[in-house]
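Below is one structure, written out as structure tokens, with a few remarks after it.
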2 protein chains.
Amino acid sequence: MNKKKSNYSEYALFHLAVDSIIFGFDEGELKLLIHKRKFEPFMGDWSLFGGFLKEEESLSDAANRILFELTGLQKIYMEELQTYGDIERDPAGRVLSVAYYALIPAHRYSEDYSKQYGATWVSLKELPDLIMDHNDMVKSALRRLRRRTASQPIGFELLPREFTIPQLQSLYEAIYQTELDKRNFRKKILSMGVLVKLEEKDMSGSRKGAFLYRFDKRKYERLIEKGYNFTI
Amino acid sequence: MNKKKSNYSEYALFHLAVDSIIFGFDEGELKLLIHKRKFEPFMGDWSLFGGFLKEEESLSDAANRILFELTGLQKIYMEELQTYGDIERDPAGRVLSVAYYALIPAHRYSEDYSKQYGATWVSLKELPDLIMDHNDMVKSALRRLRRRTASQPIGFELLPREFTIPQLQSLYEAIYQTELDKRNFRKKILSMGVLVKLEEKDMSGSRKGAFLYRFDKRKYERLIEKGYNFTI
DNA sequence: ATAATTAAGTGTAATTATAACACTTATTAA
DNA sequence: TTAATAAGTGTTATAATTACACTTAATTAT
């Protein structure tokens, strides 16, 4: 490479934050992990989890780091949502925030972390006022989640590895805020051929018990290659 | 507000660029507006249009400003794509880039601007190597455009205000790289009831001429309110 | 004037996907 | 043994999508 470098020193510099909209599914409801902010401004107010981008860190590394520091979880489904760049969004200085949304299997999130970070699961139906533009971020993330779960099999990221059909249906019902017919739902999801039925039953939800299934990612990917189009 | 301010001075600072993937539709093909970069590094190489975020400017203002400076066009369809934040993406310094994609009616883009900015329309099929991660941005924008045009009526942004059904079909064929049946296409698009047929014919494409139509945004919005779901 | 050319425009039948709907079964607790 | 409860199952009606071929309006060439 024989290119002259430019150092861009004439251009402005900005702080960059990463904020995470962390979704979970528990007790038949879609939930969000939030906490009370630990520094000024807005100390003590409800906030998404976030942090600042470091000098020697890529943006996606930062998003993963922040989620890991908070939950101890890695290899979590995460997708960039949008970058928020209004001038006045943070009264304490010019900070742009890259919002990511993450789907975590709520059962894997331990109480220990919850205490350590003061994290709380709140139902999306009774979401409190969050600081700055965080409520906008949540709204936008929810819209995105609805679009995505309708066309990609990411709902499974919110469930344990082994789950029942009624659990899966209840998840979609929570995401779309609508009731689904269980016969049609079962027919549709099983017809795709991406679920593997296990021998075992989950007896926790009913007397009869419901068979456990597992999502087979390989099968799904083979279907996609053939041009298959996942939709709920 | 009785909140103490924090100035975040302990956190790192970054340059922020905005890069625009500008799509147009001409001669039955989807095209991209690019130019030869005017400064180091990579001076003279093919690049998307971009610029740096200014101190007193919101992110979306910056995106609009850059597009306006280049094309003289305002109120253009534009959507944020993704923020690119790899450490080494720009060899001349740490710069994060927020990519936007824009849809412009190619006929409104005048030759004058083209000369002034050295802008060139290139077919997506013969896209040259672009600098840094710009080819990734284009790939990602194209995926997004395909998803969006399938579920929202944004294709019209690429056409003149008055267009024919065969033109519209040809646009979708270019976007999806597939052939569509003209009877089924016409049936589908007209059945939505969002196109208004005009008296006039466009005689440029054939001897018989094709009737002109206009997209009626109001009607579309009324449909959406009723829960209608636009799909091609 | 007439014929040839060309893309626009049109309808129907077959197939597939979606939506609506009610009873039986496995298990546990009383 | 019975009562209770959620899981599990099939069919029919309706709507959406796909496949498919000829006619028409206007222009150009003869």
Side-chain angles (χ1 to χ4, degrees), chain A residues 25 27-29 149-151 153 159-160 162-174 176-214 223 226-232, chain B residues 25 27-29 149-151 153 159-160 162-174 176-214 223 226-232:
Chain A
F25 177 65
E27 295 168 337
E29 273 195 290
T149 47
S151 62
L159 295 176
E162 303 183 350
F163 53 85
T164 68
I165 305 284
Q167 275 166 21
L168 186 62
Q169 178 175 344
S170 148
L171 168 64
Y172 280 102
E173 289 176 335
Y176 298 120
Q177 287 295 291
T178 179
E179 305 244 309
L180 302 171
D181 179 279
K182 63 178 173 169
R183 281 166 291 191
N184 293 339
F185 180 80
R186 188 180 283 267
K187 202 191 314 171
K188 172 108 203 202
I189 201 86
L190 290 178
S191 74
M192 296 185 202
V194 296
L195 296 190
V196 180
K197 186 177 184 174
L198 307 178
E199 307 267 293
E200 205 185 337
K201 272 187 170 182
D202 167 42
M203 302 306 290
S204 68
S206 71
R207 304 200 175 159
K208 184 177 179 179
F211 280 101
L212 288 163
Y213 288 79
R214 197 178 285 165
L223 278 177
K226 286 183 201 152
Y228 184 83
N229 201 329
F230 179 97
T231 43
I232 294 293
Chain B
F25 177 65
E27 296 168 336
E29 272 194 288
T149 48
S151 63
L159 294 177
E162 304 183 350
F163 52 85
T164 68
I165 305 285
Q167 275 166 22
L168 186 61
Q169 178 175 343
S170 148
L171 168 64
Y172 279 103
E173 289 177 334
Y176 298 120
Q177 287 295 292
T178 178
E179 305 242 310
L180 302 171
D181 179 279
K182 63 178 173 169
R183 280 165 294 191
N184 294 339
F185 180 80
R186 189 180 282 267
K187 202 192 315 172
K188 172 107 204 203
I189 200 86
L190 290 178
S191 74
M192 297 185 202
V194 296
L195 296 190
V196 180
K197 186 176 182 175
L198 308 177
E199 308 267 293
E200 205 186 338
K201 271 186 171 182
D202 166 42
M203 302 306 290
S204 69
S206 72
R207 303 196 176 162
K208 184 177 179 180
F211 280 102
L212 288 164
Y213 288 78
R214 199 178 284 164
L223 279 177
K226 286 185 201 152
Y228 184 82
N229 200 330
F230 179 98
T231 44
I232 294 291

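In what follows, chains are A, B, ... by sequence order, proteins preceding strands, each numbered from 1. Just so it is clear, the structure is predicted and the values come from calculations on it, not from any experiment.
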Can a side chain N or O of [X] be found less than 4.0 Å away from OP1 or OP2 on [N]?
| X | N | result |
| --- | --- | --- |
| B/R186 | C/dG9 | yes |
| A/K187 | D/dG10 | no |
| A/K188 | C/dT18 | yes |

Starting at atom [atom1] of [X], determine the distance to atom [atom2] of [N], rounded to an integer number of angstrom.
| X | N | atom1 | atom2 | value |
| --- | --- | --- | --- | --- |
| B/Q169 | C/dT10 | CD | P | 14 Å |
| B/R183 | C/dA8 | CZ | P | 14 Å |
| B/D202 | C/dA8 | CG | C1' | 11 Å |
| A/K182 | D/dT9 | NZ | C1' | 9 Å |
| B/R207 | C/dA3 | CZ | C1' | 12 Å |
| A/N229 | D/dT17 | CG | P | 13 Å |
| B/I165 | C/dG9 | CD1 | P | 7 Å |
| B/K208 | D/dA25 | NZ | C1' | 5 Å |

So do the side chains of A/Y213 and A/L190 get within less than 4.5 Å of each other, counting heavy atoms only?
yes
Decide yes or no for B/K201 and B/K208: does some side-chain heavy atom of the first lie under 4.5 Å from some side-chain heavy atom of the second? yes
From the list A/E200, A/E162, A/E199, salt bridge (Lys or Arg N to Asp or Glu O under 4.0 Å) with A/R214 holds only for A/E162
Applying the 3.5 Å cut-off to both distances, the Watson-Crick or G-U partner of D/dT30 turns out to be C/dA1
Tightest non-hydrogen contact, residues A/Q169 and A/D181, listed as NE2-C, 4.1 Å
Between B/Y172 and B/T149, the two heavy atoms sitting closest are CE2-O, 3.7 Å
Base, sugar-phosphate or nothing for A/K201? Non-hydrogen atoms, less than 4.0 Å. sugar-phosphate
By nearest-heavy-atom nucleotide on DNA chain D, the more 5' of B/D181 and A/G209 is A/G209
By nearest-heavy-atom nucleotide on DNA chain C, the more 5' of B/A210 and A/N184 is B/A210
